[in-house]
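All residue numbers refer to positions in the sequence shown, counting from 1. Here the structure is a predicted model, which is why all the values come from computation and not from measurement.
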Amino acid sequence: MSLYSRHAWAVSDQKLSLMEKGSKELKMPSDKASSSRLPVLGLGRKRRLDKENAPEPEKKRIRGTGTTIPMSCLKEPTVATIPRAKKQVTDVKSRKPISTISAPKPAVSSTTARKGADKRPAWDVKGQLCDLRKEFSACQVQAEVLTRENLELRSQLGPAEQAARTLEAENKSLIRELTEAQAQTKEDQLELVKLGARVQELEEFLRTQESLIQSMQEKQLQLQEDRKDLATRLENQEKQLQESVAALAKSQAEITAQAALLAERTENLHCLEMERRHLLNQLQELKGNIRVFCRVRPVLPGEPVPPPGLISFPPGPRGASEPSTQLSLTRPSDDRCSIIGKLPSPPVRYDFSFDQVFLPDSRQNEVFEEVSLLVQSALDGYPVCIFAYGQTGSGKTFTMEGGPGGDPQVEGLIPRAVRHLFSVAKKLEVQGWSYTFVASYVEIYNETIRDLLVRVGGPQKCQGGECEIRLAGPGSKDLIVTNAQYVPVSCEEEVESLLHLARQNRAVARTTQNEQSSRSHSVFQLQISGRHMGQNLHCTAPLNLVDLAGSERLDPGLSTGPADRERLKETQAINSSLSTLGLVIMALSNKESHVPYRNSKLTYLLQNSLRGNSKMLMFVNISPLEENFSESLNSLRFASKVNQCVIGTARANKK
């Protein structure tokens with residue numbers, strides 16, 4: 001409830017209390033009234049003094065009206081009617097007063113009415129009684145007025161309270177709006193600060209852009225000047241271009257002429273290459289399509305020195321300057337007496353002649369120089385087979401593969417031949433030839449083929465089954481070994497890794513003649529395929545480099561233990577395959593209708609390189625020791641028979 005409402009209730013309660021007091025005084029008994037008529041000395045004077053000395057009635061301000069109502073008007077009834085005060089209600093939206101309550105006007109009080117009575121003497125009781133009756137009538141009138149006013153005020157109290165509640169709700173709404181306005185003001189202030197910072201940033205950016213525009217304008221001026229310079233240079237370049245076009249046309253004409261000349265010279269070069277191959281083939285034919293080289297190994301440290309004259313090398317027709325082609329083996333005399341004459345048997349001399357004889361001091365590069373042209377024939381499409389024959393410990397593996405340690409000075413025929421083929425093939429690329437090489441390496445041990453390119457620690461020997469010799473395909477005459485690895489190679493390093501792997505897998509054993517003897521035939525095959533796209537030529541040929549197992553005579557005393565029986569079985573298989581090789585060569589030389597290739601896995605695998613259209617070279621390796629005289633003599637006799645064979649004219653495999 002508002003302050004105005006509480007004040008209105010207080011005023012109405014005071015008026016009701018005054019009216020109740022007045023009604024009680026009017027209802028006093030008659031005896032008391034009669035007694036009051038008695039003159040009381042000093043009573044009027046005392047009342048006058050009390051009224052004069054009474055304090056000034058308090059004034060109370062009603063909220064919203066701006067009018068001060070004296071407290072005497074609320075406490076003492078007056079004869080005159082107290083006008084209603086109009087309440088001033090202010091509209092919240094228009095802020096203008098809606099209605100007001102007028103301030104009560106002062107009425108003639110009982111005090112003023114009694115001013116005349118105060119002049120009455122004390123004994124004039126009747127006059128005083130008349131005055132009191134008038135005063136009582138005035139109080140009754142005033143009570144009725146106050147009662148009506150009270151009722152009217154009570155009727156106005158409800159709307160006033162409703163207006164007060166409306167004002168209070170509007171006040172709260174205004175306070176809430178004020179709070180929201182203050183919060184919005186703070187946000188606007190923060191936004192204003194941000195906008196101020198943004199304005200400063202934009203001003204700084206504007207200054208930067210202005211400086212950038214200025215620099216771009218300066219650059220534009222510079223570019224315009226550069227454009228003028230470039231235009232001038234462009235004119236000069238156009239002139240030079242026209243001159244260059246004319247020179248280019250002239251050069252194209254010269255290039256056309258040079259291209260025609262180059263084509264002509266390329267054709268001449270191809271003709272010369274084919275002529276070279278033809279002459280090389282004729283040279284090889286003159287030397288013989290089957291040739292035999294003899295090589296005597298040097299005496300190794302720790303071996304006994306052979307007697308003088310055991311092996312001699314007679315000079316050729318041109319003296320010592322000509323490479324030796326003859327060798328003499330002399331059996332020394334012994335203490336046994338001859339049957340006739342009972343005298344010591346004289347020394348026996350055996351003379352042999354070969355295509356080339358290499359002395360013990362011959363180096364590996366000298367040996368390869370004699371076979372390099374034969375190896376190169378494989379690039380021309382001719383099947384080539386080179387094999388080393390001899391007893392165990394005569395230096396066959398050293399001749400074919402080289403010495404241990406990877407020393408380039410002691411490399412054998414296989415690594416040198418591969419390096420030579422790669423070098424020549426690279427040179428022939430300039431003439432339009434392109435070559436591919438596929439390598440394989442197998443061994444034949446006790447008539448069983450094993451793959452030497454199996455990785456150490458992997459599946460042993462042939463993977464996926466036994467290795468057998470089969471035709472490469474329907475209608476093909478090329479032979480392959482099933483389940484063996486054929487590895488494409490393009491450089492000598494790849495071949496060296498294959499050779500190193502093959503050395504680890506090859507079967508070796510200790511024999512009476514050698515501490516570590518090869519007990520199998522090893523066959524290194526390199527399939528060569530060449531193509532000349534310009535001339536539409538294609539040639540294929542195999543290069544076979546064979547290290548035969550060491551030949552030995554059978555010793556019946558070796559058949560005692562299991563190990564000796566195993567060595568005996570190996571020796572029988574080796575000698576059988578070597579005998580078959582000799583029979584095949586003799587059959588080819590005699591032009592027999594049947595050649596026993598299938599009698600041995602070795603000859604069956606090499607049959608395409610042992611035919612009359614191939615080129616063969618056999619190295620017969622002998623030992624210089626006296627204890628190996630018999631084996632050396634047998635090896636030289638076998639090589640001499642092979643050297644006397646003529647197997648026909650070689651033909652290149654060209655398409």
With a 3.5 Å distance limit and no angle check, can you tell me whether H521 reaches the backbone of A549 through a side-chain donor-acceptor pair? yes
Using every non-hydrogen atom in the two residues, find where Y435 and A425 come nearest and quote the distance to one decimal. CD1-CB, 3.8 Å
N643 side chain to S353 main-chain N or O, any donor-acceptor pair under 3.5 Å? yes
Begin with the C-alpha distance, continue with both residues' side-chain angles, and end with the deciding distance and a verdict on side-chain contact (heavy atoms from CB on, under 4.5 Å) for R531 and L537. CA-CA 6 Å; R531 183 179 297 275; L537 294 177; over 6 Å; no
Does any N or O in the side chain of T399 come within less than 3.5 Å of the main-chain N or O of G395, such that one atom is a donor and the other an acceptor? yes
Give the intermediate values and the outcome of side-chain contact (heavy atoms from CB on, under 4.5 Å) for residues V299 and V305. CA-CA 7 Å; V299 179; V305 179; 5.6 Å; no
Is any side-chain N of the basic residue among R363 and E366 closer than 4.0 Å to the acidic one's carboxylate O? yes
In terms of relative ring orientation, are Y389 and F638 parallel, tilted or perpendicular, with 30° and 60° separating the classes? tilted
Do S324 and P315 make a side-chain contact, defined as non-hydrogen atoms from C-beta onward lying under 4.5 Å apart? no
Please determine whether a side-chain nitrogen of the Lys or Arg among E443 and R450 lies less than 4.0 Å from a carboxylate oxygen of the Asp or Glu. yes
Spatial distance of atom CG (N621) from atom CZ (F358) [nearest 0.5 Å]: 10.5 Å
Test salt bridge (Lys or Arg N to Asp or Glu O under 4.0 Å) on E369 and R416 and set out the steps. CA-CA 10 Å; E369 285 179 2; R416 291 177 184 271; over 6 Å; no
State, to 0.1 Å, how close L501 and L453 come at their nearest heavy-atom pair, and which atoms those are. CD2-O, 3.4 Å
Derivation of the side-chain contact (heavy atoms from CB on, under 4.5 Å) call for I290 and V642: CA-CA 8 Å; I290 177 169; V642 173; 3.4 Å; yes
Checking D380 side chain against Y382 main chain: does a donor-acceptor pair fall under 3.5 Å? no
State whether a side-chain donor-acceptor pair under 3.5 Å links Q504 with H500. yes
Are L610 and M616 close enough that some pair of their side-chain heavy atoms sits under 4.5 Å apart? yes
For V375 and L421, the nearest pair of non-hydrogen atoms, with its separation, is O-CD2, 3.5 Å
Between T603 and N599, is there a donor-acceptor pair closer than 3.5 Å when you use the side chain of the first and the backbone of the second? no
Atom pair CG (L578) and OG (S600), whose distance is rounded to the nearest 0.5 Å: 8.5 Å
Side-chain heavy-atom pair K615, C385 within 4.5 angstrom cut-off: no
Close side-chain approach of C294 and L636, heavy atoms under 4.5 Å: yes
Kindly say whether S609 contributes a backbone atom to a donor-acceptor pair with the side chain of S614 at under 3.5 angstrom? yes
Minimum side-chain heavy-atom gap I386-F619 below 4.5 Å: yes
Mind checking salt bridge (charged side-chain N to carboxylate O under 4.0 Å, His left out) for D351 and listing every partner two or more places apart, or none if nothing turns up? R349
Side-chain donor/acceptor of S576 to backbone N/O of Q572, under 3.5 Å: no
Here the gap from L471 atom CG to T482 atom OG1, rounded to the nearest 0.5 Å, amounts to 11.5 Å
Test: R503 cationic atom under 6.0 Å from Y441 six-membered ring centre, within 45° of axis: no
Electrostatic pair E370:R291 at N-O distance under 4.0 angstrom: no
So, taking the atom named CG in L605 and the one named CD1 in I449, what distance separates them when rounded to the nearest 0.5 Å? 6.0 Å
Least distance between heavy atoms, Y486 atom then I480 atom: OH-CA, 3.4 Å
Quick one: does any side-chain atom of N608 pair with a main-chain N or O of P383 as donor and acceptor, under 3.5 Å? no
Side-chain heavy atoms of M586 within contact of C645, under 4.5 Å: yes
Quick check: do S577 and K601 have side-chain heavy atoms less than 4.5 Å from each other? no
Let me see the working for T580 and L602 under side-chain contact (heavy atoms from CB on, under 4.5 Å), right down to the final yes or no. CA-CA 9 Å; T580 302; L602 176 64; over 6 Å; no
When you measure from the side chain of D451 to the backbone N and O of A484, does any donor-acceptor pair fall under 3.5 Å? no
Check: S490 main-chain N/O paired with E494 side-chain donor or acceptor under 3.5 Å: yes
Tightest non-hydrogen contact, residues L374 and V384, listed as O-CG2, 3.5 Å
Can you tell me how far apart OG1 (T540) and CD1 (I528) are? Round to the nearest 0.5 Å. 10.0 Å
With no hydrogens and no angle check, do the side chains of R295 and S362 hold a donor and an acceptor under 3.5 Å apart? no
Is there a ring pair (Phe, Tyr, Trp, His ring centres under 6.0 Å) between F422 and F437? Walk through the geometry before answering. CA-CA 9 Å; F422 286 143; F437 303 89; 4.9 Å; yes
Here the pair of heavy atoms bringing S394 nearest to S623 is CB-N, 4.2 Å
Does the side chain of I414 come within less than 4.5 Å of L499's, by heavy atoms? yes
Nearest 0.5 Å please: distance from the NE2 atom of H538 over to the OG atom of S529. 4.0 Å
Ignoring hydrogens and geometry beyond distance, is a side-chain donor-acceptor pair present between T397 and D547 at under 3.5 Å? yes
Going by the side-chain contact (heavy atoms from CB on, under 4.5 Å) test, name the single residue among Q364, E401, M400, H420 that passes it with L413. M400
